Amino acid sequence: MADSLTEEAATAGSATADEIARYVVTEAVWAPSVHNTQPWRFMADGQQISLYADTDRGLPVADPNGREMMISCGAALFNLRLALRSTGYVPETRVLPDPGQPTLVAKVTWRQRARASEFERWLSSQVHRRRTHRGAFDPEPLPRGTLAALRGSAAAGGTSLRIVADDGGRAILAAAVETAERHLRLDAERVGELARWSPAPGSARSDGVPATSYPAQAERTDPYFPGRDFAHGYGWGLPPLSSARMPRATGVVGLLTSATDRQVDWVNAGQALQRILLTASASGAAVALHSQPTEMPWLRELIRAKLSDNAYPHLVLRIGMVIQAAESVRRDPDEVLFWSPRCAACLEVARG
Ligand SMILES: Cc1cc2nc3c(=O)[nH]c(=O)nc-3n(C[C@H](O)[C@H](O)[C@H](O)COP(=O)(O)O)c2cc1C
């Protein structure tokens with residue numbers, strides 16, 4: 001309630017900079033992140049927020065270069081900018097503004113005002129509603145125009161969403177996901193790392209992938225894109241929605257790629273990813289994400305050479321229609337939002 005009051009005040013132009021900062025961070029934290037690690041921190045200073053990557057929440061085994069961490073931060077940056085738009089402010093964004101501070105992902109300031117467009121409001125309405133899907137889809141096709149809208153959502157900053165429509169390409173991608181998943185399950189270090197981010201049912205943790213967000217039983221599709229083993233053999237997860245044996249679909253398969261593979265491309269890919277996910281959600285579609293093959297350099301290279309015209313693949317996406325029951329968790333914004341001491345002298349006075 002407090003957050004929606006803040007939004008109203010912000011929209012009316014009467015909210016303070018601190019209230020706006022708190023509101024946009026409340027929205028930013030609902031971004032997707034690899035294993036729900038939520039690898040971000042925010043520093044508010046007047047009408048400016050700095051977004052930092054929290055390297056203590058990185059995945060040294062699966063993501064040693066921090067690419068997935070930066071994609072996750074990019075998704076949070078997109079939410080933050082969108083939240084500013086929804087309050088009628090125009091964000092000015094500098095991505096990786098200081099080469100001397102590699103964990104400083106972006107600085108965002110807001111001064112000018114302009115009404116949010118209908119499209120921006122449409123996307124904003126999905127920030128809390130969107131969930132990552134895991135498993136198969138209903139056979140129903142995507143609403144007309146959805147794929148064109150999703151491709152358009154990705155096309156900025158050198159990022160693309162490439163739809164892999166031919167049976168041969170889908171089979172190669174499915175085989176890459178399956179091969180990667182098999183390797184991951186046999187690698188004790190990777191299994192241990194994933195286990196640290198997949199808490200048991202009933203856990204009070206507000207990060208990691210909860211058992212309320214994946215199916216207890218793998219749903220086979222043709223071709224088959226296996227999900228990650230979050231339950232690591234304990235049978236955790238959601239029961240099937242219905243016992244009816246309807247044919248289940250793989251969905252439309254795509255690849256999120258960048259023309260080059262620098263840190264800035266990863267942040268931009270994350271921004272594009274979140275724009276795609278919110279656009280899909282607003283169209284009534286859901287998206288499943290597979291980063292298993294892009295975590296293995298040789299499989300990433302194979303996908304790059306065979307399916308993405310040498311652009312660098314980040315994620316495999318499956319897009320489809322489904323009624324979702326998944327629930328996720330987030331840390332409280334107050335755990336990740338810090339306030340810059342604006343006036344050291346005033347603080348000294350306040351301390352007495
Ligand atoms: C870079 C990145 C990689 C991801 N890889 C996978 C994946 O391989 N399998 C999966 O089920 N989800 C994957 N996800 C989705 C996250 O697990 C999900 O965003 C997180 O658990 C929070 O849940 P939510 O998206 O439903 O809010 C990925 C997300 C990101 C940003």
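Whatever order the structure lists them in is the order used to number ligands and atoms, beginning at 1. What you are looking at is a predicted structure, and each value in this text was computed from that prediction instead of being measured.
- Note that OG of Ser281 and CH2 of Trp122 are 9.0 Å apart. Values are rounded to the nearest 0.5 Å.
- Every N/O-N/O distance between Ile71 and ligand 1 stays at or above 3.5 Å.
- Contact annotation for Arg330 and ligand 1: only side-chain heavy atoms (C-beta onward) come within less than 4.0 Å of the ligand.
- One side chain, Ser328 or Arg330, offers a donor N or O that lies under 3.5 Å from an acceptor on the other.
- Applying the 6.0 Å contact sphere to CD1 of Ile323 captures no more than 12 heavy atoms from other residues, nucleotides or ligands.
- Taking only non-hydrogen atoms, the option from Val34, Thr294, Asn36, Val29 nearest to atom 30 (C) of ligand 1 is Val34.
- Less than 4.0 angstrom separates some heavy atom of His290 from each of these atoms of ligand 1: 8 (O).
- In this structure, His314 falls outside the shell of residues with a heavy atom less than 4.0 angstrom from ligand 1.
- Comparing Ala31, Pro32, Ser33 against atom 16 (C) of ligand 1, the shortest heavy-atom distance belongs to Ser33.
- For ligand 1, the polar-atom distance check finds an N/O of Ser291 within less than 3.5 Å of one of the ligand's N/O atoms.
- The closest approach between a heavy atom of Tyr214 and any atom of ligand 1 is not below 4.0 Å.
- Of the listed options Arg228, Glu327, His35, Arg228 places a heavy atom closest to atom 8 (O) of ligand 1.
- For atom 12 (N) of ligand 1, the closest non-hydrogen atom of the protein is Arg134 NH2, 3.5 Å.
- Where the criterion is an N or O separation shorter than 3.5 Å, residue side chain and backbone included, Arg130 meets it with respect to ligand 1.
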Under 3.5 Å, side-chain donor or acceptor atoms of residues 96-104 against the rest of the protein: list the pairs with distances, not counting sequence neighbours.
residue, atom, partner, partner atom, Å
Asp98, OD1, Gly100, N, 2.8
Asp98, OD2, Gln101, NE2, 3.1

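- Contact analysis leaves Arg67 out of contact with ligand 1, as no non-hydrogen atom separation drops below 4.0 angstrom.
- Put simply, the residue from Ile303, Leu307, Leu256 that forms a side chain to side chain contact (heavy atoms under 4.5 Å, CB included) with Pro313 is Ile303.
- Here the rule is side chain to side chain contact (heavy atoms under 4.5 Å, CB included) with Val329, and of Asp207, Asn36, Val209 only Asn36 fits it.
- Counted by atom type alone, Ser291 and Glu68 present one or more donor-acceptor pairs between their side chains at under 3.5 Å.
- For Ser72, the heavy-atom gap to ligand 1 drops under 4.0 angstrom.
- For the pair Thr26 (side chain) and Arg22 (backbone), a donor-acceptor distance under 3.5 Å is present.
- In this structure the side chain of Ser86 never reaches within 4.5 angstrom of the side chain of Glu120, judged on heavy atoms.
- With a 4.0 Å cut-off on non-hydrogen atoms, Ala326 does not touch ligand 1 at all.
- Defined by atom type and a distance below 3.5 Å, a donor-acceptor pair is missing between the side-chain atoms of Trp339 and Asp45.
- Applying the 4.0 Å criterion to heavy atoms of Thr132 picks out, from ligand 1, the atoms 15 (C), 18 (C), 19 (O), 24 (P), 25 (O), 26 (O).
- With a 4.0 Å cut-off on non-hydrogen atoms, Phe230 touches ligand 1 through its side chain and not its backbone.
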